[in-house]
Protein chains: 2
Amino acid sequence: MTGETERKRAAEHLALTLATAGMQRMGARVLAAFLFTDEESLTAGDLSEQLGVSAGSVSGAVRMVVQMGLVERVPAPGSRREHYRMRDRAWSTLYGRQHAPIDDVLTAVARGVEVVGPGPARERLVYMRDFYEFLLGEVPSLIERFEQRRGGSRP
Amino acid sequence: MTGETERKRAAEHLALTLATAGMQRMGARVLAAFLFTDEESLTAGDLSEQLGVSAGSVSGAVRMVVQMGLVERVPAPGSRREHYRMRDRAWSTLYGRQHAPIDDVLTAVARGVEVVGPGPARERLVYMRDFYEFLLGEVPSLIERFEQRRGGSRP
DNA sequence: GCGAACGTTCAGAATTTTCTGAATGCGGAC
DNA sequence: GTCCGCATTCAGAAAATTCTGAACGTTCGC
């Protein structure tokens, strides 16, 4: 273990990396905050203070990560604030969610196959469609395999 | 087959879908143009005209898709222009590339594990690290399986 | 009920990303 | 060697995204 400063630096670095990889910046920062905390749960106020951003930004970012299924509200007995924490399996959930767009792409490609007559373009479209169909089928089992492998040591 | 208009509509729709899924807009439009054409190859001029955008935009977008490994320059005998076409296996390549950020995330998380002392946060970080390591190992074999399954019918 | 604390919403500001268009570079034809 | 046509680069404009901060609800304690 190193100092608290190091922890924050590592958290911010991960947030930046996730943001570069396509996640919204504030969502990534909030997520990193949850990931790196030893607290049971965090409130919007905690996040606002810890990240040095406005309550409004936190509100939006929290809504996003909750909607993504990465963070959940936790019942807050005896507190007026809303408490949140990371969900278990957050990462496999995230990975699964990243594949939601596959459905949309698949639909768009299928439309292309309908519209385009025989020829090279159509062959390409069929190939693409097959690939995305394949993915759509394989990803869940991929995640499941990880869960099972992990399942024994951390339920 | 339907009219040429339908084809363009389908191409633009796919481009928009890919853009929504995180790809840069112009890159997606260029890619869709390659995907939907029956021409052997396209030049920057073709793309510029077809998409109704400036040569500068095309240049940047083409550079991107080439660098992504989705499109390649094709020798242009007897023509001063540069010719490009989609590469075979473009989609599995794209999918593989989408996982390049995994390396970065993995590095960032590993740093977190080093920095954080025992506790819930560290457990979470270890879980995340394991998941991304698992992915990094599985994705190539996933793609390979698709290629093999497809290999017979389209070499 | 009343007051206070907290979260949310939304219009506007700031930042970042993306596109354009003119200048520049490059390669082949003559 | 010079010219011509196309591609690229890059500074600046345009557009989209993201953050803030003040106003508004809501919920709980009293």
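- Here the side chain of A/Met26 is nearest to one of C/dG7, D/dC19, D/dA7, namely D/dC19.
- With a 6.0 Å radius and a threshold of 12 heavy atoms from other residues, nucleotides or ligands, B/Arg73 has its CZ atom at or below the threshold.
- The distance from atom CG of B/Leu47 to atom P of C/dC19 is 14 Å, rounded to the nearest whole Å.
- Protein atom CE of B/Met64 is 13 Å distant from nucleotide atom P of D/dT9, rounded to whole Å.
- Nucleotide D/dA16 holds its C1' atom 19 Å from the CE atom of B/Met23, rounded to whole Å.
- Spacing between atom CZ of B/Arg73 and atom P of C/dG27 amounts to 10 Å, rounded to whole angstrom units.
- Residue B/Val53 is in sugar-phosphate contact alone, with no base atom involved, counting any heavy-atom pair closer than 4.0 Å across all strands shown.
- Among the nucleotides D/dG21, D/dT18, C/dT20, the one closest to the side chain of B/Ser57 is C/dT20.
- There is no side-chain donor-acceptor pair under 3.5 Å between B/Asp104 and B/Thr107.
- Using a 4.0 Å cut-off, some side-chain N or O of B/Gln24 falls inside it from OP1 or OP2 of C/dT18.
- Within the 4.5 Å cutoff, no side-chain heavy atoms of B/Arg124 are placed close to those of A/Phe36.
- Counting only heavy atoms from C-beta on, A/Glu82 has its side chain closest to C/dG7 among D/dT8, C/dG21, C/dG7.
- Of the candidates C/dC19, C/dT16, C/dG7, the closest approach to any side-chain atom of A/Arg25 belongs to C/dT16.
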(request) Decide side chain to side chain contact (heavy atoms under 4.5 Å, CB included) for A/Tyr127 and B/Arg150; before the verdict, give the C-alpha distance in whole Å, the side-chain angles of both, and the deciding distance to 0.1 Å. (result) CA-CA 9 Å; A/Tyr127 182 86; B/Arg150 253 272 167 177; 3.8 Å; yes
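- Note on B/Gly45: only backbone sugar-phosphate atoms sit closer than 4.0 angstrom, heavy atoms only; bases stay farther off.
- The side chain of A/Arg63 lies closest to C/dT9, out of C/dT18, C/dT8, C/dT9.
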(request) For side chain to side chain contact (heavy atoms under 4.5 Å, CB included), just list the numbers for A/Val105 and A/Met128, CA-CA rounded to whole Å, side-chain angles, deciding distance to a tenth of an Å, and then say yes or no. (result) CA-CA 10 Å; A/Val105 173; A/Met128 181 176 175; 3.6 Å; yes
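- Taking every side-chain heavy atom of B/Arg81 into account, D/dC6 is the closest of D/dC6, C/dG7, C/dT20.
- When rounded to the nearest whole Å, the span between CG of A/Leu51 and C1' of D/dC19 equals 13 Å.
- With distances taken from any side-chain atom of B/Ser59 to the nucleotides D/dT8, C/dT20, D/dC19, the minimum falls on D/dT8.
- Across the protein-nucleic acid pair, A/Leu16 atom CG and C/dT16 atom P stand 12 Å apart, rounded to whole Å.
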